[in-house]
Amino acid sequence: MGEDEDFDKLIDGIKNVDDEPDLSACESTEEAEANGLALKDQGNAALMAGHYNEAIHLYSTGLSHLPNNAIILSNRALAYIKVENYGLAIQDATHAIEADPSYPKGYYRRGSAEFALGRAKAARKDFRAVCKLRPKDRDARGKLQECDKAVREAAFAAAILSDEAAPLSDSFRAESVAVEKTYDGPHPAGELLSDTEKEAALFEPGKLPRDFVLAAMEHFKDQKVIHKRYVAHLLISIKHYYEKQPSLLEIPIPAIGPDENDPTISPRLTVCGDTHGQYYDVLNIFALNGLPSKNNPYLFNGDFVDRGSFSVEVILLFLLFKLSDPDCIHLHRGNHETKNMNKIYGFEGEVKAKYDDKIFDLFLEVFSFLPLASVVGEKVFVTHGGLPTEPDVTLADIRKIGRGCEPPNFGLMSDLLWADPQPFPGKSPSKRGVGYSFGPDITESFLKLNGLQLLVRSHEVKDEGYLVEHGGKTITVFSAPNYCDSMGNKGAFIHFDETCEPKFTQYEAVPHPNIRPMAYAAGMGGLFM
């Protein structure tokens, strides 16, 4: 079976739990149309207001009256794209096309979701169909050109890979980047050094002055960035650091609490979920919970970038803290620390606007070597997405996962980055169109086999900032409040002390400068705003 056939089989197997019983047989044609279209209009209003889950519910109810309405199916597909449920979007768009092959938005939605999953050739076919139906549609032609470009870039990347080209980090010389006299940001040594070896030594793990990190944090807050020279030093050093780290980390609970003078605050590790470029909410986390330090360590569980338009500031701050003190902050790769997601959801455009394409390539190298999971206090398994759905996977298997690459569509790495929990037993093709969802029985089996008591993952917006599932064995934590300035959700983080019992802190979003989410997304990115 070919790759496309495997993918089609996966999409066909997705269970849509949003679907409602078909009521059309119990109504007259006029009643069904009146009810369905009224719900469609309500869904459109919710969608326009950014209330995507509400829109999905309204469209689903509308489809219970008009199950084959191409417009409602296409609109629900758009809502699914907004919440990154690309598999369900493809399913709905395909049904819309089957219901009305002359309706261009069905192809448009399916092409959008296919592109988000890195399937540029399939997306190109759908946008060609849109252009055939609407020859004068400039937008569709622009999207078709983006697909053509992506196909060419993929072929070029494959050719380079076959030639085993050396990574940029092996040849880029940070010291060759001149620091202009007009630069008003912080310097690692407090001033520009003429001794380039001494400067480079400051970027060795554990050597970066904390004063520089804190000065950079304030500089970012003022909507300024640190110099490209220092960013290049940082990324090259941290890439070499991470390529020596295992895919699975072992993180102990610290022996001393965050305030040595206050014994009432127990030693703890703080676990945060997605932050998605919401820099000012990250600063709020630190205001509530203290800055990262050896005695106040953090684990940020992936998806630092994309969507929010301060992604550069978020990831640079995390990496600066990491290089200053490797024990004060731990980072996992999320599904958005990947090239295709960065192209669509804004990080690539943001890096190129604030720096350039070489810095973006260095970021991709760093992302490719980030750890995939951790065991906290010997009891809690933490990863961005979810659990492997294959039986008998051990922690040793996860330690052996090779990194330094873009994630495949299937397998252990894909599961750890993309999988979601489901309430019913077993595994099912994921609503996202990548990999599988896992049931409570899979969680129980994995934890028991590996001598663990709890799974913590992120990857999904939750209204309260966290959600406990699978009989208390699975926790989702999400740390980007009012996600994309529209979801209205709280953020949350978790404290783990020596008992490894979770203690939750919730918080609301804080104000940020007037730059909208995905401000740097271009081309195809406009589909996902």
Side-chain angles (χ1 to χ4, degrees), residues 2-8 11 81 84 86 89-90 93 104 107-172 305-306 311 335-368 404-410 414 417 433-434 518 520-529:
E3 182 178 331
D4 287 342
E5 291 172 311
D6 286 341
F7 182 79
D8 291 342
I11 296 299
I81 288 171
E84 301 185 22
Y86 306 117
I90 292 171
Y107 300 97
Y108 193 101
R109 304 300 182 221
R110 188 168 68 181
S112 303
E114 294 271 16
F115 192 88
L117 294 175
R119 294 173 52 81
K121 287 184 178 180
R124 181 171 63 177
K125 182 178 179 181
D126 279 323
F127 283 110
R128 280 176 177 163
V130 178
C131 291
K132 186 175 181 180
L133 289 167
R134 288 185 175 175
K136 297 182 180 180
D137 190 325
R138 281 187 175 183
D139 180 66
R141 291 205 169 277
K143 300 301 185 287
L144 178 58
Q145 290 172 3
E146 287 291 328
C147 290
D148 286 335
K149 180 182 177 183
V151 171
R152 290 195 302 270
E153 287 178 347
F156 181 68
I160 291 176
L161 186 63
S162 66
D163 292 339
E164 297 184 351
L168 179 62
S169 58
D170 287 353
S171 59
F172 192 92
V305 303
D306 283 339
S311 293
N335 66 299
H336 275 268
E337 279 70 58
T338 55
K339 184 175 183 178
N340 193 57
M341 292 288 105
N342 296 163
K343 180 179 291 293
I344 293 170
Y345 288 99
F347 185 61
E348 178 178 348
E350 184 182 346
V351 175
K352 291 180 178 180
K354 296 176 179 178
Y355 293 105
D356 57 29
D357 56 348
K358 286 184 170 57
I359 294 297
F360 178 64
D361 288 343
L362 291 174
F363 269 118
L364 291 179
E365 288 189 40
V366 172
F367 291 166
S368 74
C405 61
E406 290 300 298
N409 289 328
F410 296 94
S414 175
L417 295 181
V434 180
M518 290 184 64
Y520 298 95
M524 266 309 173
L527 295 169
F528 306 99
M529 293 168 60

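FYI, side chains are in, hydrogens and waters are out, and symmetry mates aren't considered; it's all heavy atoms of this structure. In what follows, residues are counted from 1 in the order of the sequence shown.
For the atom pair Arg124 CZ and Arg119 CZ, the distance stands at 13.0 Å (nearest 0.5 Å). Taking OG from Ser112 and CD1 from Ile90, the interatomic distance works out to 10.0 Å, rounded to the nearest 0.5 Å. From Ile344, atom CD1 reaches atom CD1 of Ile81 across 10.0 Å, with rounding to the nearest 0.5 Å. Once rounded to the nearest 0.5 Å, the distance linking CG of Leu144 with NZ of Lys132 reads 13.5 Å. Note that CG of Leu417 and OG1 of Thr338 are 8.0 Å apart. Values are rounded to the nearest 0.5 Å.
Taking a cutoff of 4.0 Å between a charged side-chain nitrogen and a carboxylate oxygen, Arg110 and Glu114 do not qualify as a salt bridge. Comment: Glu153 does not engage Lys339 in a salt bridge, judged by the lack of any side-chain N to carboxylate O separation of less than 4.0 angstrom.
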Let me have the donor-acceptor pairs involving side chains of residues 358-367, under 3.5 Å, with sequence neighbours excluded, atom names and distances please.
residue	atom	partner	partner atom	Å
Glu365	OE1	Ser169	OG	2.5
Glu365	OE2	Leu168	N	2.9
Glu365	OE2	Ser169	N	3.1

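For the pairing with Ser311, the side chain to side chain contact (heavy atoms under 4.5 Å, CB included) check across Glu348, His336, Lys354, Glu350 returns one residue only, Glu350.
A pairwise comparison of heavy atoms in Ser414 and Pro408 identifies CB-O, 3.4 Å as the closest pair.
Inter-residue side-chain proximity for Tyr108 and Lys143 is flagged as met; some heavy-atom pair is nearer than 4.5 Å. Proximity of Asn335 to Pro407: side-chain heavy atoms (C-beta onward) are nowhere separated by under 4.5 Å.
For Arg141 (side chain) and Phe127 (main-chain N/O), no donor-acceptor pair under 3.5 Å exists by modelled atom type. Panel note: side chain Asp306, backbone Phe347; a donor-acceptor pair is recorded below 3.5 Å. Proximity of a side-chain donor or acceptor of Asn340 to a complementary backbone N or O of Ala116 within less than 3.5 Å is detected.
No more than 12 heavy atoms of other residues, nucleotides or ligands shown are found within 6.0 angstrom of NZ on Lys125.
Remark: Ala150 engages Phe115, Ala120 in a side-chain contact (heavy atoms from CB on, under 4.5 Å) (not counting sequence neighbours). Remark: Arg152 pairs with Asp148, Lys149 by the side-chain contact (heavy atoms from CB on, under 4.5 Å) rule, at least two apart or across chains.
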